[in-house]
Amino acid sequence: MDYRRTYLRDLLASEPGVEVSAYGWVKTRRDSKGIHFVQINDGSCFADLQVVVTEGAIPEAAMRQVTTGACVRFDGKLVASPAAGQAVELAADGLEVYGSADPATYPMQKKGASFEFLREIAHFRARGNTFGAVFRVRNAASDAVHRFFQDRGFLYIHTPIITASDAEGAGAMFAVSPNLTVEDGKYALKVSDPADDFFGKPAFLTVSGQLEAETLALAMTNVYTFGPTFRAENSNSTRHLAEFWMIEPEMAFCDIVGNMNLAEEFLKDVIGTLLDRCAADLEFFNKRIEPDLLATLGHVVESPFERMTYTEAIRLLEASGEPFEFPVFWGADLQSEHERWLTEKKVGRPVILTDYPKQIKAFYMKQNDDGKTVRAMDVLAPRIGEIIGGSQREERLDVLSARIREMGMDPDHYGWYLDLRRFGSAPHAGFGLGFERLLLYVTGMKNIRDVIPYHRAPGQADF
RNA sequence: UGCCGCAUAGCUCAGUCGGUAGAGCAGCUGACUGUUAAUCAGCGGGUCGUAGGUUCGAGUCCUACUGCGGCAGCCA
């Protein structure tokens, strides 16, 4: 057997008349007197191939093993289909059953199942319509991300997954070192001599590659990461994972406006690519998952994103007359209900908010001259809230050092990061984008656990 | 982590006022010459999440626990 065989996607696009072999897993079968219809799928496309077996073409004893879930190969001739529903079908005269599947106990059924149930049988759910489509879109989106950056001269870099950098403030971290103790949220080695520890210092799984990406940007101009990221918060929502994939571009000679431009261009490019490349899958999502999906995505690609400052957003929220549960005032972090009102009710498409109060943002963001705000930018999207968080970085050594001390952090822990501002500093900017949140947006799926093959969340590390 | 909700057949659910467990789908058997969520007829399928409690009697009421889900917080 050679991996270079033909995919069902290619068979379905072929002209009738050729002898072919079709490999796949049985989705469903229907029987009439003297004729069997079998639908098989190999994951290469949304559509199934209809295999037609007329009486006598294949021994009935063998056909008995052709049940939902079985893995098979049918040989025969590709013919024009006389019935509606498909252009071509396979008139089969040969069958190989690689793996049968007892219909009485195989958990996937011909009929739809709840996403909650499918999460319990995640090892099979990719064989169904919805998750096949999700994972094809996930693949195409990954490819689109790389193409977008590569086409623009960005270098793909790999930042460490194990890191000792623990104070970026992005979130709680998973400890890697076996010799750690925790006191008041601070980690310390419990061995008396650090040399007895593998790393000689507390080490964790990364919550962001940004700080390291900055060092590469200040050498190679435009770079990006696309890799796994870990957050240990006890967070239980439809928008959070303990292990997710994050995309982090970082650009030298770029300010917050350039950063916003890139973020908008990026989202439009990736979504546009998916509309083109995954049309059948997105049509399915539009039909079964999120009714206005295609219209919304088309609108996003064609219209400029709304841009406003945090201060303007606060004014709009204050003037909205909405009975918000959480109070709106300058200096407050925006709550989900506020983001939702802005993106869904006020604007109706993605919104980029900038210039947040420095108190609610990270230490590395560039301070504005007003002394109160920083050049942060968040892209908020209808349905899912924050999809991108980024900023222009503080490139001035004195300002950054002062800010680190002001926030009670130890400048000694940021030696190499401050060195960047000490030697050859440059204006630079970047952002982080949660890949699964992007997938939620483009597929219309509601739970982030359903856009990754095997999700990790508090209490959930199955498979 | 907090609040709310749910847990009954393989799946999705109903189960009235506390009185011996139901449906649809799936599966199985059969019928039908082209189906495509096929259709039609029949059959099998249950420790009602776990442990206590109230009661003559608990799927149903009470308590705890476990699991799952939604929302919120946290965040990308």
Side-chain angles (χ1 to χ4, degrees), chain A residues 27-40 47-56 64 67-69 79 81-86 89 91 101-121 128-129 168-172 206-210 225 228-248 263 288 324-326 333-340 360-362 378-381 384-390 431-441 446-450 457-460 462:
Chain A
K27 202 86 139 297
T28 180
R29 67 178 277 176
R30 296 173 291 275
D31 301 303
S32 268
K33 187 171 180 63
I35 190 166
H36 306 284
F37 300 95
V38 184
Q39 276 179 232
I40 65 173
D48 303 322
L49 174 70
Q50 173 161 283
V51 178
V52 182
V53 181
T54 52
E55 189 157 26
R64 295 180 73 84
T67 58
T68 299
V79 299
S81 178
Q86 57 282 316
E89 61 191 24
D102 180 0
T105 51
Y106 180 59
M108 292 283 286
Q109 297 185 350
K110 293 159 78 165
K111 297 291 178 177
S114 68
F115 291 146
E116 289 80 7
F117 173 68
L118 291 172
R119 249 170 252 152
E120 295 173 14
I121 54 163
N129 283 339
E168 203 239 322
T206 182
V207 291
S208 168
Q210 181 201 313
T225 71
T229 310
F230 308 87
R231 302 279 170 91
E233 276 95 1
N234 192 356
S235 177
N236 231 303
S237 86
T238 54
R239 302 182 304 283
H240 285 80
L241 291 169
E243 175 183 288
F244 65 100
W245 289 68
M246 187 153 67
I247 297 149
E248 296 180 289
R288 291 292 189 80
F324 292 121
E325 184 187 344
F326 292 88
D333 224 338
L334 294 185
Q335 305 295 319
S336 288
E337 57 178 348
H338 306 141
E339 295 179 353
R340 204 166 293 135
I360 61 173
K361 288 294 180 182
D378 286 358
V379 181
L380 311 179
I384 57 173
E386 184 179 348
I387 191 171
I388 286 178
F431 60 78
L433 177 143
F435 186 55
E436 284 78 13
R437 287 198 181 165
L438 175 63
L439 292 173
L440 281 183
Y441 193 58
K446 304 296 182 291
N447 193 318
I448 201 164
R449 296 164 183 182
D450 294 329
Q460 310 203 23
D462 294 327

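Letters A, B, ... mirror the listed sequences (proteins, then strands); counts begin at 1. Note: hydrogens, waters and symmetry copies are ignored here, and every other heavy atom, side chains too, is used.
Atom C1' of B:A58 sits at a distance of 32 Å from the matching atom of B:G2, rounded to the whole Å. Distance check on atom C1': B:U33 versus B:A23 gives 34 Å, rounded to whole Å. Comparing B:A21 with B:A9, their P atoms sit 14 Å apart, to the nearest whole Å. B:U50 sits 11 Å from B:A7 when the C1' atoms are compared, rounded to a whole Å. Distance noted for atom P between B:G22 and B:G67: 33 Å (whole Å). Of the C1' atoms belonging to B:A51 and B:G42, the separation is 42 Å, rounded to the nearest Å. The same atom, C1', is picked in B:A38 and in B:C25; the two are 14 Å apart, to the nearest Å. Comparing the same atom, P, in B:A72 and in B:C61 gives a spacing of 29 Å after rounding to whole Å.
Considering only side-chain N and O atoms, A:Arg340 lies nowhere under 4.0 angstrom from the phosphate OP1 or OP2 of B:C71. Close to B:U29, at under 4.0 Å from its OP1 or OP2, lies a side-chain N or O of A:Arg64. In this structure, A:Arg239 does not reach the B:C71 phosphate: none of its side-chain N or O atoms is under 4.0 Å from OP1 or OP2. For the pair A:Gln86 and B:U36, the criterion of a side-chain N or O lying under 4.0 Å from OP1 or OP2 is not met. At B:A38, one or more side-chain N or O atoms of A:Arg30 fall inside 4.0 Å of OP1 or OP2 (strictly under the cut-off). Between B:U36 and A:Arg29, no contact under 4.0 Å exists linking OP1 or OP2 to a side-chain N or O. In this model, the phosphate group of B:C75 is not approached by any side-chain N or O of A:Ser235 to a distance below 4.0 Å at OP1 or OP2. Taking side-chain N and O atoms only, A:Asn447 has a distance below 4.0 Å to OP1 or OP2 of B:G70. One finds a side-chain N or O of A:Ser336 lying less than 4.0 angstrom from the OP1 or OP2 phosphate oxygen of B:G73.
Remark: B:G49 base-pairs with B:C65. Criterion, Watson-Crick or G-U wobble with two distances under 3.5 Å. The nucleotide B:C13 finds its pairing partner in B:G22, both defining distances of the Watson-Crick or G-U wobble pair being shorter than 3.5 Å. Summarising the base pairing, B:C71 is matched to B:G2 through a Watson-Crick or G-U wobble pair whose two defining distances lie under 3.5 Å. Using Watson-Crick or G-U wobble geometry with both donor-acceptor distances under 3.5 Å, B:G30 finds its partner in B:C40.
Here the nucleotide nearest the side chain of A:Ala83, chosen from B:U35, B:G27, B:A76, is B:U35. Among B:C11, B:A76, B:G34, the nucleotide with an atom closest to any side-chain atom of A:Gln109 is B:C11. Of the candidate nucleotides B:A26, B:C74, B:U12, B:U12 has the atom nearest to the side chain of A:Ser114. Picking from B:U35, B:C68, B:A76 the nucleotide with the shortest atom distance to the side chain of A:Gln460 gives B:C68. In this structure, of B:G73, B:U33, B:G34, it is B:G34 that holds the atom nearest to the side chain of A:Val52. Relative to the side chain of A:Pro103, the nucleotides B:G73, B:A76, B:C28 differ in distance, and B:C28 lies closest. Picking from B:C74, B:A38, B:G69 the nucleotide with the shortest atom distance to the side chain of A:Glu233 gives B:C74. Here B:C11 is the nucleotide among B:C11, B:G27, B:G73 with the atom lying nearest to any side-chain atom of A:Phe117. Of the listed nucleotides (B:A38, B:U12, B:A76), B:A38 has the atom at the smallest distance from the side chain of A:Ser32. Here the side chain of A:Arg231 is nearest to one of B:G69, B:A76, B:G73, namely B:A76.
The two residues A:Thr206 and A:Pro228 make their nearest non-hydrogen contact at CG2-O, 3.9 Å. The minimum heavy-atom distance between A:Glu386 and A:Leu380, with the atom names listed, is CA-CD2, 3.8 Å. The nearest pair of heavy atoms linking A:Ser235 to A:His240 is OG-CG, 3.3 Å. Among all heavy-atom pairs drawn from A:Lys27 and A:Asn129, the shortest one is NZ-OD1, 3.0 Å.
Across the interface with RNA chain B, nearest-nucleotide mapping of A:Gln50 and A:Pro107 shows A:Pro107 to be the residue nearer the 5′ end. Looking at which nucleotide of RNA chain B each of A:Glu89 and A:Asp31 is closest to, the 5′-most match is held by A:Glu89.
Looking at heavy-atom distances under 4.0 Å, A:Ile387 makes contact with sugar-phosphate atoms alone, never a base. At a threshold of 4.0 angstrom between heavy atoms, the contacts of A:Thr68 with the nucleic acid are absent. Residue contacts for A:Lys33: at a heavy-atom cut-off of 4.0 Å it reaches a base atom on one of the strands shown. At the heavy-atom level, A:Gly389 lies under 4.0 Å from the strands shown only through sugar-phosphate atoms. Residue contacts for A:Ile388: at a heavy-atom cut-off of 4.0 Å it reaches the sugar-phosphate backbone alone, with no base atom in range. Contact annotation for A:Glu116: backbone-only contact, meaning every heavy-atom pair under 4.0 Å involves sugar-phosphate atoms and none involves a base.
Judged by distance alone, the side chain of A:Arg437 and the main-chain N or O of A:Ile384 form no donor-acceptor pair under 3.5 Å. Using a distance-only test at 3.5 Å, with no hydrogens or angles considered, no donor-acceptor pair links the side chain of A:Glu436 to the main chain of A:Leu241. A donor-acceptor pair under 3.5 Å is formed between the side chain of A:His338 and the backbone N or O of A:Phe326. Judged by distance alone, with hydrogens and angles left aside, the side-chain atoms of A:Thr68 form no donor-acceptor pair with the main-chain N or O of A:Pro103 at under 3.5 Å. The main-chain N or O of A:Ile35 is never found under 3.5 Å from a side-chain atom of A:Ser32 such that the two would form a donor-acceptor pair. A:Glu248 places a side-chain N or O within donor-acceptor distance of the main-chain N or O of A:Gly209, the cut-off being under 3.5 Å.
In this structure, the NE2 atom of A:His36 is 13 Å from the P atom of B:C32, given to the nearest Å. Straight-line distance from the CD atom of A:Glu120 to the C1' atom of B:U66: 14 Å, rounded to whole Å. To the nearest angstrom, P of B:A37 lies 11 Å from CG of A:Asn129. Rounded to an integer number of Å, the gap from A:Gln39 CD to B:A37 P is 8 Å. Distance, A:Ile448 CD1 to B:G70 C1': 16 Å, rounded to whole Å. Summarising the geometry, the separation between CG on A:Asp48 and P on B:A38 is reported as 11 Å, rounded to the nearest angstrom. Atoms CZ (A:Phe324) and P (B:A72) sit 13 Å apart, rounded to a whole Å. Rounded to an integer number of Å, the gap from NE2 of A:His240 to C1' of B:C71 is 13 Å.
No N or O donor and acceptor, one from the side chain of A:Glu55 and one from the base of B:U33, sit under 3.5 Å apart.
By the 5.5 Å and 30° criteria, A:Phe244 is stacked with the base of B:A76.
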